[in-house]
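In listed order, ligands and their atoms are each counted from 1. Below, each value reflects all heavy atoms present in this structure, side chains not excepted, and no hydrogens, waters or symmetry copies.
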Amino acid sequence: MSKVSRLPVDTGVSGWNAILPEQVPAIELKAEEKADYLVVGAGFAGLSAARRLYQLRPKSRIVVLDATRVAAGPAGRNSGFMLDLPHDLASSNYAGQLERDLEDIRLKRLAIDFAEDIARENKLSDEVFNRSGKVNGAATEKGMQHNTEYAEHLKQLGEDSKILDAKAMKKLTGSGWYVGGLFTPSTATIQPAAYIRGLADGLSKSGVSIFENSPVTSLKLENRKWVATTPAGSVTCSKVILGVNGHAESFGYFKRRLMHVILFGSMTRALTGQEIRAVGGERRWGITPADPIATTVRRISGACGDRIITRNRVVYEPSMQVSEKLVKRMGKTHDYSFRERFPELENVSAEYRWSGRLCLSYNSVPAFGEQEPGLFSACCQNGLGTAQGTLSGMAAAEFAVEGRTPLVEAFLGQPDPQKLPPEPFAWLGANAYMRWKEWRAGREV
Ligand SMILES: Cc1cc2nc3c(=O)[nH]c(=O)nc-3n(C[C@H](O)[C@H](O)[C@H](O)COP(=O)(O)OP(=O)(O)OC[C@H]3O[C@@H](n4cnc5c(N)ncnc54)[C@H](O)[C@@H]3O)c2cc1C
């Protein structure tokens, strides 16, 4: 009997989800179900796994269980950059090793193509999925130097990019804060909550059963079948895919090998017409920071109004949850970063503030594989889950149905996540390191 030790808790309300129309009431699992495949987790990994399973075995019975509502978890709380290019969060300028980066780009593009098909099939608008490209914004000369080094690395990889000066940045964002930027054309940007909801709706229409507010509280092997139990029901199946990201550890896998990190976001209320004119700039854009630890900003425009989303600050938190008080405190840094960038919007306040979990490993590898006969994990996306989670879900589904496909081999060729130092040393070390990186990033935050 394997009891699930912890269930997900997300603090604060994600603006991405809150600005969308109300969801239809959740269908909870309230019976003893049988399935060919069970997917636990309805984020990027879980829902992509369900879609790939459906593509490979359209006649099989596929069930998805999630502890909360679709898009209420990290999948609906992120900044929506679906990155294809190297984005090594541990480096100073995102660049990694040349050979590894080339393979990484190829794989991430498979995931982004898969997502583009989802957007097309489900008629998701370009507010929801857009191959818009994005800019690495720099607020300092040091940031620009990171950009120049990164552009050089991209050139070696055969990838396009374009250096922008302060004037071009102002034209794009309306903000005079940035001294320059690096535009890379191939990234997709998504409205994460709308994309995840669209993907889930499409799967439901295809006959995949998605049960929400149905946390798996135990998972055990009985008479060569997996049995997942929820508070009001159970699913008995031949194969299970865990798409629960850091909660793989709560299911008893990868213990002391996953780093649980919390990020924070704030979204403004909709800007008025006068405010839109005052700030100027284009109405949709996305800026990742030239220094990986600093501030991500997005501007969105459409049915839910023109809004600006700010994301910064990060804490290492093995308990995987934070208090409302901390979300509020981190919001103060968001307000500060927002005002520095948009002084003309001094009367615009945040309507939503939230935290969200992500999962890293010490050696930046996924927690992937067949953990027990018939039980596959597609977890630990190293902070890049929109593309990486999609890819690991696709790979886990192929592993469960077809065995060692080329995509599966690409995952299996990586080492296991390394063991972490014992607590409290890991907590102290990681948080001290992140505070130091934030301090060093200075004006970029
Ligand atoms: C503020 C913020 C900004 C970010 N920005 C970006 C970005 O721009 N680009 C990017 O690529 N990534 C970004 N990320 C990271 C990204 O959100 C994650 O990597 C991604 O959500 C991971 O996808 P996943 O499907 O593996 O896991 P999740 O999205 O965490 O989904 C896992 C699901 O499993 C469910 N679950 C867990 N336990 C159980 C259980 N016992 N029973 C049933 N269900 C369970 C959860 O409810 C959850 O829905 C950001 C994250 C945050 C918080």
Side-chain angles (χ1 to χ4, degrees), residues 3-12 14-16 29 38-49 64-84 87 89 108 111-112 115 134 187-190 192-193 196 199-200 211-219 228-231 235 241-251 260-267 286 288 296 298 309-314 320 322 327 330 334 353-360 366-368 377-393 396:
K3 246 178 141 17
V4 177
S5 61
R6 287 180 292 192
L7 294 177
V9 176
D10 294 293
T11 312
S14 162
W16 295 110
L29 182 70
L38 167 66
V39 178
V40 187
F44 291 92
L47 293 180
S48 304
V64 179
L65 296 176
D66 199 282
T68 62
R69 296 287 334 245
V70 161
R77 290 173 173 259
N78 60 75
S79 303
F81 291 97
M82 213 169 215
L83 301 166
D84 55 341
H87 200 86
L89 295 171
K108 295 262 179 52
I112 297 176
K134 58 109 182 158
T187 293
T189 45
I190 57 173
I196 281 293
L199 171 53
F211 296 101
E212 301 171 82
N213 294 334
S214 302
V216 174
T217 51
S218 86
L219 184 61
T229 309
T230 67
V235 179
I241 293 175
L242 286 184
V244 293
N245 210 11
H247 276 287
E249 210 173 342
S250 313
F251 281 78
H260 306 296
V261 165
I262 313 270
L263 304 186
F264 303 85
S266 294
M267 179 187 278
T288 47
T296 295
R298 278 196 59 189
I309 302 98
T310 309
R311 192 231 21 97
N312 62 33
R313 305 303 307 271
V314 47
M320 301 175 81
V322 293
V327 174
M330 296 306 189
H334 298 161
R353 296 196 196 281
W354 65 95
S355 68
R357 288 164 286 119
L358 55 84
C359 175
L360 311 174
F368 180 88
S377 65
C379 301
C380 187
Q381 322 302 357
N382 287 290
L384 305 173
T386 59
Q388 190 60 37
T390 300
L391 193 72
S392 67

Ligand 1 contacted by [X] (non-hydrogen, < 4.0 Å):
X: Gly383; value: yes
X: Gly356; value: yes
X: Thr68; value: yes
X: Gly73; value: no

With respect to [X], determine whether any N or O atom, backbone or side chain, lies less than 3.5 Å from an N or O atom of ligand 1.
X: Ser79; result: yes
X: Pro215; result: no
X: Ala67; result: yes
X: Phe44; result: yes
X: Phe251; result: no

Side chains of [X] and [Y]: does their closest heavy-atom pair fall under 4.5 Å?
X: Val9; Y: Leu7; value: no
X: Met82; Y: Thr390; value: yes
X: Cys379; Y: Ser392; value: no
X: Met320; Y: Glu249; value: no
X: Arg357; Y: Pro8; value: yes
X: His247; Y: Arg6; value: yes
X: Thr217; Y: Thr230; value: no
X: Leu391; Y: Lys108; value: no

Starting from [atom], which protein heavy atom do you reach first, and at what distance in Å?
atom: atom 38 (N) of ligand 1; value: Pro8 CD, 3.6 Å
atom: atom 26 (O) of ligand 1; value: Gln381 NE2, 2.8 Å
atom: atom 27 (O) of ligand 1; value: Asn245 CB, 3.4 Å
atom: atom 30 (O) of ligand 1; value: Pro74 CG, 3.2 Å

Output the list of atoms in ligand 1 that are nearer than 4.0 Å to some heavy atom of [X], sorted by atom number.
X: Asp66; value: 33 (C), 34 (O), 35 (C), 43 (C), 44 (N), 46 (C), 47 (O), 48 (C), 49 (O)
X: Gly80; value: 7 (C), 8 (O)
X: Ala75; value: 21 (O), 29 (O)
X: Arg77; value: 1 (C), 2 (C), 52 (C)
X: Arg311; value: 1 (C), 3 (C)
X: Leu384; value: 10 (C), 11 (O), 12 (N)
X: Leu7; value: 41 (N)

Quiz prompt | Set of residues satisfying ring pair (Phe, Tyr, Trp, His ring centres under 6.0 Å) with respect to Phe264, sequence neighbours excluded | solution =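 Here no residue qualifies.
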
Heavy-atom nearest option to [atom], drawn from [options]:
atom: atom 20 (C) of ligand 1; options: Ser250, Gly385, Ser48; result: Gly385
atom: atom 32 (C) of ligand 1; options: Gly243, Gly41, Ser355, Ser266; result: Gly243
atom: atom 3 (C) of ligand 1; options: Val39, Ile309, Asn78; result: Asn78

Practice problem: Taking Thr11 for its side chain and Val322 for its backbone only, find out whether a donor-acceptor pair lies under 3.5 Å. | Solution: yes

Quiz item: Counting only N and O atoms by type, is there a donor-acceptor contact under 3.5 Å from the side chain of Thr187 to the main-chain atoms of Lys134?
Solution: no

Practice problem: Under 4.0 Å, heavy atoms only, figure out whether ligand 1 is touched by the backbone of Val216, its side chain, both or neither. | Solution: both

Exercise. Using a 4.0 Å heavy-atom cut-off, say whether Thr217 meets ligand 1 through its side chain, its backbone, both or neither.
Key: neither

Quiz item: Sequence neighbours excluded, which residues qualify as salt bridge (charged side-chain N to carboxylate O under 4.0 Å, His left out) partners of Arg77?
Solution: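 Testing Arg77 for salt bridge (charged side-chain N to carboxylate O under 4.0 Å, His left out), a comparison that skips the adjacent residues, returns none.
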
